[in-house]
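Here the structure comes first, spelled out in structure tokens, and everything after it is commentary.
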Amino acid sequence: MRRLMVAAAILATLAVPAAAQTRLPRTTPAERQVKELNRSIQQEQRILQREQQYQIDNNQLRQRLDRRQNLSNPSPPARIGTCPAGSIGC
């Protein structure tokens with residue numbers, strides 16, 4: 001029984017330092033500032049990525065519209081060799 005009590009006391013003393021080690025130290029003002037700066041940089045990067053994706057999507061849409069417009073309104077055929085005699089350019 002005495003051995004059991006000694007073992008329980010040893011385990012209890014070992015458990016307290018282990019629990020104390022899991023606590024994190026307080027963050028310093030400099031660490032908080034760095035974290036805040038990192039968050040703001042990440043947020044700016046996300047905004048920039050959204051703006052870039054918007055521009056890419058917008059350009060692709062314009063290209064599709066231009067292609068459709070060019071296909072629906074083809075340019076007139078070139079008049080090679082159909083100029084009347086004596087004319088200066090066609």
Report, one line per pair, each donor and acceptor closer than 3.5 Å where one atom sits in a side chain of residues 44-55; sequence neighbours left out.
| unit_1 | atom_1 | unit_2 | atom_2 | d |
| --- | --- | --- | --- | --- |
| Gln53 | NE2 | Asp57 | OD1 | 3.0 |
| Gln55 | NE2 | Asn59 | OD1 | 3.4 |

Roughly how far apart are Asn38 CG and Gln33 CD, rounded to 0.5 Å? 10.5 Å
Under 4.5 Å side-chain linkage, directly or through intermediates, the cluster mates of Leu65: Leu61
Of all residues at least two apart in sequence or in a different chain, which pass the side-chain contact (heavy atoms from CB on, under 4.5 Å) check with Arg68? none
The side-chain contact (heavy atoms from CB on, under 4.5 Å) partners of Glu31 (sequence neighbours excluded) come to Thr27, Thr28
